[in-house]
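First comes the structure, then the notes that go with it.
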Amino acid sequence: MNLRLRPTMLSDLDFVISVERDAANLPFITPWERTQHEGAVRFPDFRHFIVEAGPDYASSGFVILQGCRNPHRSVELKRIVLQTKGQGLGRACVRLLALMAFRDLGAHRFWLDVKARNVRAQALYRSEGFVEEGRLRESVRTPDGYDSLIVMSLLEHEHAALLRSREQGVA
């Protein structure tokens, strides 16, 4: 799969907001205001990327990492929002982001929270080695009530073992 991440420019924010507010994505995320995205583009602790994929590397979504300068080496996958679903793009992004977190940013822990109703994403994260750490019960207000957040993480040594098993054709 042709996939690359390029740093988000302020000129990309209309695209970012349109993907984030798409009806297919809204139930699974808590959208940000434009100023929050602007801050993530500018602030060194964040990495905000446009996901480009396919034969022509068309803009296909965006991702945000937070904690890139965290002294505890704990990097958060703050947001992953894709237009294309069911074609392996999410898995490819998660693998690339994990590699970036551990190899390039020196993370010891790569973590995220995912809404409890987003069972598809939870299954993907589990299949990529993430372990559930706990739940923040009914912590996010939704149009029809509340949803819980599930905290998941992948540690550096777990990621290294996953890479070794993939190289050996086991995973």
Side-chain angles (χ1 to χ4, degrees), residues 1-32 34 36-37 40-41 46-68 75-105 107 109-132 140 147 149-156 158-171:
M1 168 178 290
N2 293 339
L3 170 71
R4 66 183 177 204
L5 303 177
R6 73 164 170 81
T8 302
M9 308 297 287
L10 293 177
S11 58
D12 294 314
L13 291 185
D14 285 342
F15 168 76
V16 166
I17 290 169
S18 73
V19 173
E20 196 171 54
R21 298 195 187 279
D22 184 283
N25 294 323
L26 270 178
F28 305 113
I29 61 169
T30 303
W32 278 6
R34 183 183 195 90
Q36 290 174 286
H37 284 288
V41 167
F46 286 83
R47 298 291 184 278
H48 200 303
F49 295 103
I50 297 296
V51 177
E52 297 178 327
D56 58 350
Y57 290 102
S59 296
S60 302
F62 72 95
V63 297
I64 304 171
L65 298 178
Q66 184 176 353
C68 298
V75 175
E76 178 184 3
L77 174 51
K78 185 69 177 170
R79 179 86 28 103
I80 179 168
V81 185
L82 302 171
Q83 288 179 311
T84 307
K85 316 255 189 280
Q87 296 180 8
L89 184 56
R91 181 174 307 281
C93 280
V94 168
R95 287 185 177 183
L96 183 58
L97 291 165
L99 195 61
M100 182 184 293
F102 293 114
R103 182 192 64 201
D104 303 336
L105 298 173
R109 177 175 176 265
F110 186 43
W111 72 280
L112 55 91
D113 59 49
V114 57
K115 286 186 175 182
R117 69 178 59 176
N118 196 349
V119 293
R120 186 175 182 168
Q122 290 170 50
L124 168 63
Y125 299 135
R126 270 191 216 93
S127 73
E128 289 299 317
F130 284 79
V131 174
E132 182 176 328
V140 180
D147 198 1
L149 293 175
I150 299 171
V151 178
M152 302 178 84
S153 70
L154 178 63
L155 300 178
E156 186 176 21
E158 296 166 338
H159 183 252
L162 263 174
L163 291 180
R164 282 192 303 274
S165 68
R166 285 184 192 140
E167 287 171 4
Q168 297 166 357
V170 178

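Bear in mind that the values here come from a model prediction, so they are computed numbers and not experimental data. Residue numbers run from 1 in the order of the sequence given.
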Between Arg47 and Val63, does a side chain to side chain contact (heavy atoms under 4.5 Å, CB included) hold up when you go through it step by step?
-> CA-CA 8 Å; Arg47 298 291 184 278; Val63 297; over 6 Å; no
Go through Met100 and Leu5 one step at a time and tell me if the side chain to side chain contact (heavy atoms under 4.5 Å, CB included) criterion holds.
-> CA-CA 11 Å; Met100 182 184 293; Leu5 303 177; 3.9 Å; yes
Intermediate values then yes/no, side chain to side chain contact (heavy atoms under 4.5 Å, CB included), Met152 and Val114 = CA-CA 8 Å; Met152 302 178 84; Val114 57; 4.0 Å; yes
Mind running side chain to side chain contact (heavy atoms under 4.5 Å, CB included) on Leu97 and Phe110 for me, showing each step along the way?
-> CA-CA 9 Å; Leu97 291 165; Phe110 186 43; 4.0 Å; yes
Salt bridge (Lys or Arg N to Asp or Glu O under 4.0 Å) between Lys115 and Asp147, worked out = CA-CA 7 Å; Lys115 286 186 175 182; Asp147 198 1; 5.3 Å; no
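Applying the ring-ring contact (aromatic ring centres under 6.0 Å, His included) test to pairs two or more places apart or on separate chains, those with a residue in residues 75-102 are Phe102-His159.
The main-chain N or O of His48 is found under 3.5 Å from a side-chain atom of Thr8 such that the two form a donor-acceptor pair. No donor-acceptor pair closer than 3.5 Å links the side chain of Asp22 to the backbone N or O of Gln83. Glu132 places no side-chain N or O within donor-acceptor distance of the main-chain N or O of Ile150, the cut-off being under 3.5 Å. Judged by distance alone, with hydrogens and angles left aside, the side-chain atoms of Glu158 form no donor-acceptor pair with the main-chain N or O of Phe130 at under 3.5 Å.
Shown here for Arg91 and Ser127, the closest heavy-atom pair between the two residues is NH1-OG, 2.8 Å. Across Ala107 and Val75, no two heavy atoms sit closer than the pair CB-CG2, 3.7 Å. What you find for Arg79 and Pro31 is that their closest heavy atoms are NH1-CA, 4.1 Å. The shortest non-hydrogen separation linking Leu89 to Val51 is CD1-CG1, 4.2 Å. Contact detail for Cys93 and Ile80: the closest heavy-atom pair is CB-CD1, 3.6 Å. Here the closest heavy-atom approach between residue Leu124 and residue Val94 is recorded as CD2-CG2, 4.1 Å.
Taking CD1 from Ile29 and CZ from Arg21, the interatomic distance works out to 8.5 Å, rounded to the nearest 0.5 Å. In this structure, CZ on Arg6 lies 5.0 Å from OG on Ser59, to the nearest 0.5 angstrom. Distance check, rounded to the nearest 0.5 Å: CG of Leu77 to CG of Leu65 gives 6.0 Å. Atom CG of Leu105 sits about 10.5 Å away from atom CG of Leu99, to the nearest 0.5 Å. Annotation: the span from His37 atom NE2 to Asp14 atom CG amounts to 11.5 Å, rounded to 0.5 Å. One finds the CG atom of Leu10 at 8.0 Å from the CZ atom of Arg34 (value rounded to the nearest 0.5 Å).
Ring geometry, Phe46 versus Trp32: the interplanar angle exceeds 60°, so the pair is classed perpendicular (tilted spans 30 to 60°).
For the side-chain contact (heavy atoms from CB on, under 4.5 Å) with Phe62, the lone residue among Val16, Ile17, Asp12 that qualifies is Val16.
In this structure, Glu76 and Asp113 have side chains that are in contact, with non-hydrogen atoms separated by less than 4.5 Å.
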